[in-house]
Amino acid sequence: MGGMEKSPHFVLVHGVGHGAWCWYIIRCLLEISGYKVSCVDLLSAGIDRSDADSILSFTDYNRPLIELISIIPENEQIILVGHSAGGLSVTHAIYEFGERIAVAVYIAATMLRSGFLSDEDRKDGIPDLSEFGDVYEFGYGLGEDQPPTSAIIRKEFQREILYHLSPVKDSTLASMLVRPGPAYALSNAKFEGEGPSIDRVMRVYIKTEQDRVLKEAQQEAMVRRWPPREVFCIESEHSPFFSAPGRLTDMLIKAMELKHGGVLGAP
């Protein structure tokens, strides 16, 4: 590769309700290993002060990621990583910037080639938490007679559903920082047309084997429908960035290393 080698740049995308903060351990471990890392807050997440009930378009919600990728220098190869609903953000970015992305990694993530176009898409990609009871608090920015515009898992259920294998200190931090996500915008995410690089970007899926949010059967169904290059498995609940950060970091580096033989970032 010689002088044409591109330096790796990990871009980490959170799931609904989380923010850039959820990657703090992974960012630290990757940077200690010498890699450049960016963590993005999507609209209404983390320190972004947008109101989730006002976000009705997935394109608007995902704009911070698109803007970030647009300014990453050409001499950096992007390893784009999405957790949970962040998989939708990753797929959207592949449509927009497929030629810039060396590897796309989906962690317990919604990996649907075209977003939510069918009942099967919704069955595979949307969590069903009904077994836990009335777990959501909804916002109705369009009115009580319209579909909810935001959603958050009630605090008393968060550890049981999201973080049951994580250190208590991390689930406590999360309970202080999780915010409602733009449910309406996410449920209407659709990627139409044939992006020139949508099937040329190398994808890796990381399955979480103790997941109570995106069940293992749902993850397997999405992998079958749109097969990635590799599937890794991690003994974790839905939040391996807390429960298994060292193992997850190793997997992200391994995913990056799968792209070899020529200029990294080229198809």
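Position 1 is the first residue of the sequence; numbering continues from there.
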- Task: Look at the side-chain heavy atoms of Ile, Leu, Val, Met, Phe, Trp and Tyr, link any pair under 4.5 Å apart, and say whether V81 and W21 land in one connected group.
- Result: yes
- For L43, does its backbone N or O pair with a side-chain atom of S50 as donor and acceptor, under 3.5 Å? no
- Item | Pairwise distance OG(S118) to CG(D124) - rounded to 0.5 angstrom | 8.0 Å
- Message: Less than 4.5 Å apart, side chain to side chain, heavy atoms only: is that true for V13 and V40?
- Response: yes
- Between T208 and D211, does any side-chain donor sit less than 3.5 Å from a side-chain acceptor? yes
- Message: When you measure from the side chain of Y61 to the backbone of A189, do you find a donor-acceptor pair of N or O atoms at a distance under 3.5 Å?
- Response: no
- Check step by step if side-chain contact (heavy atoms from CB on, under 4.5 Å) holds for V11 and I72. CA-CA 10 Å; V11 176; I72 291 178; 3.7 Å; yes
- Item | Closest approach of F191 to L88 (non-hydrogen atoms, all atoms of both residues) | CZ-O, 3.3 Å
- side chain to side chain donor-acceptor pair (under 3.5 Å) involving K254 - partner list, sequence neighbours excluded: none
- Message: Going by the rule salt bridge (charged side-chain N to carboxylate O under 4.0 Å, His left out), which residues pair with E235 if we only count those two or more places apart in sequence or in a different chain?
- Response: none
- Message: Hydrophobic clustering (ILVMFWY, side-chain heavy atoms < 4.5 Å, transitive) - are L165 and F157 grouped together?
- Response: no
- Message: For L117 and L112: C-alpha separation, side-chain torsions, deciding distance, then whether side-chain contact (heavy atoms from CB on, under 4.5 Å) applies.
- Response: CA-CA 9 Å; L117 298 183; L112 299 170; over 6 Å; no
- Query: Excluding sequence neighbours, so at least two apart, what forms ring-ring contact (aromatic ring centres under 6.0 Å, His included) with Y35?
  - Reply: F10
- Query: With distance as the sole test, does N62 use its side chain to make a donor-acceptor pair with the main-chain N or O of F58 at under 3.5 Å?
  - Reply: no
- Item | Contacts of E74 that satisfy salt bridge (charged side-chain N to carboxylate O under 4.0 Å, His left out) - sequence neighbours left out | R100
- Contact summary for I234 and A244, nearest pair of heavy atoms: CD1-CB, 3.8 Å
- Query: Taking NZ, NE, NH1 and NH2 as the nitrogens, is one of them in K123 or D128 under 4.0 Å from a carboxylate oxygen of the other?
  - Reply: no
- Task: Would you kindly say whether S171 and S166 are connected by a side-chain donor-acceptor distance under 3.5 Å?
- Result: no
- Item | Heavy-atom side-chain proximity of L248 to F242 below 4.5 angstrom | no
- Rounded distance (nearest 0.5 Å) linking atom CE of M111 with atom CG of L214: 10.5 Å
- Query: Got a sec, which residues hit side chain to side chain donor-acceptor pair (under 3.5 Å) with Y140, two or more places apart in sequence or on another chain?
  - Reply: none
- Cluster overlap Y205 with I126, hydrophobic side-chain contacts below 4.5 Å: yes
- How many angstroms lie between atom CG of L68 and atom CG of D41, to the nearest 0.5 angstrom? 11.0 Å
- Task: Quick one: list whatever passes salt bridge (charged side-chain N to carboxylate O under 4.0 Å, His left out) with E120, sequence neighbours left out.
- Result: R225
- Item | Pair listing, ring-ring contact (aromatic ring centres under 6.0 Å, His included) test, anchored in residues 214-240, at least two apart | H83-H238
- Task: Measure the SG-CG distance between C22 and D170 for me, rounded to the nearest 0.5 Å.
- Result: 10.5 Å
- Shared-cluster residues of L56, by chain and number - hydrophobic side chains joined below 4.5 Å: L142, Y184
- Task: May I ask you to check whether over 12 heavy atoms, not counting those of K155, lie within 6.0 Å of atom NZ?
- Result: yes
- From L186 CG over to I55 CD1, what is the distance, rounded to the nearest 0.5 angstrom? 9.0 Å
Could you pull out every donor-acceptor pair under 3.5 Å between side chains of residues 101-108 and any protein atom, sequence neighbours left out?
from	atom 1	to	atom 2	distance (Å)
Y106	OH	T91	OG1	2.8

- Task: Could you tell me whether D119 and R122 make a salt bridge, using a distance below 4.0 angstrom between a side-chain N and a carboxylate O?
- Result: no
- Query: What do the steps show when you test L12 against S38 for side-chain contact (heavy atoms from CB on, under 4.5 Å), and what is the final call?
  - Reply: CA-CA 6 Å; L12 310 182; S38 294; over 6 Å; no
- Item | Pairing residues for H9 by the ring-ring contact (aromatic ring centres under 6.0 Å, His included) criterion, not counting sequence neighbours | none
- For Y136, enumerate each residue passing the ring-ring contact (aromatic ring centres under 6.0 Å, His included) test, keeping only those at least two apart in sequence or located in another chain. F138
- Looking at the rings of H18 and F241, which for Trp means the six-membered one, are their centres under 6.0 Å apart? yes
- Query: Do the charged groups of R154 and D134 touch, with an N to O distance under 4.0 Å?
  - Reply: yes
- Item | Set of residues satisfying salt bridge (charged side-chain N to carboxylate O under 4.0 Å, His left out) with respect to E31, sequence neighbours excluded | R27
- Item | Donor-acceptor under 3.5 Å (Q158 side chain, I153 main chain) | yes
- Shortest non-hydrogen contact from A93 to I66? CA-CD1, 4.0 Å
- Does the distance from a Lys or Arg side-chain N to an Asp or Glu carboxylate O, for R212 and E237, drop under 4.0 Å? no
